Amino acid sequence: MNIINQDPKEDNEVKAFLSSYPQPIISIALELRQFVLYLVPEVIEQIDYPAKMIAYGYKKTYQDTICVIMPFRGWVNLGFPRGATLPDPISLLNGTGKRARHVKISNIEEINLPALNALLKASIAQIQQ
């Protein structure tokens, strides 16, 4: 994984990573990035090229990962490594793994859902315990 500059203005590596995706997907991923960096400005941002995701955490380890942005051709997943234990009253989370869950984002408006904000804050709280 490459650790990249956390300054949202200096996102050339993120844009290069996303460049092979359709423009709507790039826009969603960049908006999700801004969402994460706004709520957790001190976060470490890493691109995992083999896994095709951008990871966010307080340390460089999977154990300390708060969330990941995973672009696909038709949507972007906001993944939570411990999503199975997060409160999800309106059932945004998808997945069947023992721990990880994700929210499928198909348009930028979905990023403004209060429940998505609550999920990210709950994931942050898990790491800070």
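In this text, all values refer to a predicted model and were calculated from it rather than measured experimentally. Quick note: numbers below take in every heavy atom, side chains included, and nothing from hydrogens, waters or symmetry partners.
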Could you tell me the separation between the [atom1] atom of [X] and the [atom2] atom of [Y], rounded to the nearest 0.5 Å?
X: Ser19; Y: Asn12; atom1: OG; atom2: CG; answer: 11.5 Å
X: Thr65; Y: Lys60; atom1: OG1; atom2: NZ; answer: 13.0 Å
X: Leu18; Y: Ile47; atom1: CG; atom2: CD1; answer: 7.5 Å
X: Gln23; Y: Ile28; atom1: CD; atom2: CD1; answer: 10.5 Å
X: Ile54; Y: Glu13; atom1: CD1; atom2: CD; answer: 9.5 Å

Would you indicate whether the side-chain heavy atoms of [Y] and [X] approach each other to under 4.5 Å?
X: Lys15; Y: Leu30; answer: yes
X: Leu86; Y: Arg101; answer: no
X: Val40; Y: Tyr56; answer: no

Any donor and acceptor pair, going by atom type alone, linking the side chain of Asn107 with main-chain N or O of Glu110 inside 3.5 Å?
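Present.
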Between the main-chain N or O of Leu120 and the side-chain N or O of Ser123, is there a donor-acceptor pair closer than 3.5 Å?
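Checking the backbone N and O of Leu120 against the side chain of Ser123, no donor-acceptor pair under 3.5 Å is found.
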With [X], which residues qualify under side chain to side chain donor-acceptor pair (under 3.5 Å), at least two apart?
X: Glu31; result: none
X: Asp88; result: none
X: Thr85; result: Gln126
X: Gln63; result: none

For the student: nearest non-hydrogen atoms of [X] and [Y], plus distance:
X: Gly83; Y: Leu93; result: O-CD1, 3.4 Å
X: Ala29; Y: Val76; result: N-CG2, 4.1 Å
X: Ile25; Y: Arg73; result: CG1-O, 3.4 Å
X: Ile66; Y: Phe80; result: O-CD2, 3.7 Å
X: Pro71; Y: Lys52; result: CD-O, 3.6 Å

Provide the full list of ring-ring contact (aromatic ring centres under 6.0 Å, His included) pairs with a residue in residues 17-38, sequence neighbours left out, each pair given once.
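Non-adjacent pairs meeting ring-ring contact (aromatic ring centres under 6.0 Å, His included): Phe17-Tyr49.
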According to salt bridge (charged side-chain N to carboxylate O under 4.0 Å, His left out), who are the partners of Lys104, at least two apart in sequence or on a separate chain?
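Counting only residues at least two positions away or on another chain, Lys104 forms no salt bridge (charged side-chain N to carboxylate O under 4.0 Å, His left out).
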Does [X] have any side chain to side chain contact (heavy atoms under 4.5 Å, CB included) partners at least two apart in sequence or in another chain, and if so, which?
X: Phe72; value: Met70, Trp75, Asn77
X: Ala100; value: none
X: Ala118; value: none
X: Lys59; value: Thr61, Asp64

Quick check on side chain to side chain contact (heavy atoms under 4.5 Å, CB included): which of Leu92, Leu113, Ile69, Ile111 does Ile105 satisfy it with?
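One option only clears the test, and that one is Ile111.
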